[in-house]
Amino acid sequence: MTTAILTTIESLELGKLLRGLRSDLELTQTDLVELLFRVRGVSQSWLSNVERGYSLPTAGQLEHLLGTYQPTADQRQRAHDLVASEVLR
């Protein structure tokens, strides 16, 4: 899997949102990766890149993350909007 360096405002905001949701659950990146071990392409380095705005999750990966985090409806929609804005660039 190739990781493109994005670092746009949207990717940074998505990373901050996802990192905050993970932190709210008091999970480390390693804890989360262990919970999602069956999801293809999820590793600690991948998660770190997503949270720093360097990489975007696929639609499936985002759904697995959001399913684990249990965000509010607004947070879920914001995450989808941010990914969509990056994909449309």
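No experiment lies behind these values; they were computed from the predicted model shown.
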L17 and L21: CA distance, side-chain angles, deciding distance, side chain to side chain contact (heavy atoms under 4.5 Å, CB included) verdict: CA-CA 6 Å; L17 173 66; L21 291 169; 4.2 Å; yes
Test log, rule side chain to side chain contact (heavy atoms under 4.5 Å, CB included), inputs L18 and L47: CA-CA 9 Å; L18 294 175; L47 183 58; over 6 Å; no
Side chain to side chain contact (heavy atoms under 4.5 Å, CB included) assessment of H80 paired with L62: CA-CA 8 Å; H80 282 285; L62 181 62; 3.8 Å; yes
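Nearest heavy-atom pair, Q61 versus L56, reported as atom, atom and distance to 0.1 Å: OE1-O, 4.4 Å. L36 and T68 make their closest contact through CD2-OG1, 3.4 Å (heavy atoms, listed as atom of the first residue, atom of the second, distance). Heavy-atom minimum distance, Y69 versus L32: OH-CD2, 3.0 Å. S11 approaches G53 most closely through the heavy-atom pair OG-O, 3.0 Å. When all heavy atoms are compared, the tightest approach of P57 to L14 is CD-CD2, 3.9 Å.
When side chains are defined from C-beta on, D81 counts as touching Q77, because their heavy atoms get closer than 4.5 Å.
With values rounded to the nearest 0.5 angstrom, L27 atom CG is found 14.5 Å from R19 atom CZ. With rounding to the nearest 0.5 angstrom, the OG atom of S43 is 9.5 Å from the CD atom of Q29.
Formation of a donor-acceptor pair under 3.5 Å by the N49 side chain with backbone atoms of W46 is not found in this model. Although no hydrogens or angles enter the test, the distance criterion places no donor-acceptor pair under 3.5 Å between the side chain of R78 and the main chain of D74.
Residues satisfying the salt bridge (Lys or Arg N to Asp or Glu O under 4.0 Å) test with E63, not counting sequence neighbours, are R76.
R52 and S48 share a side-chain donor-acceptor pair at under 3.5 Å.
Within the structure, every pair that satisfies the salt bridge (charged side-chain N to carboxylate O under 4.0 Å, His left out) test and touches residues 20-30, not counting sequence neighbours, is listed here: R22-E51.
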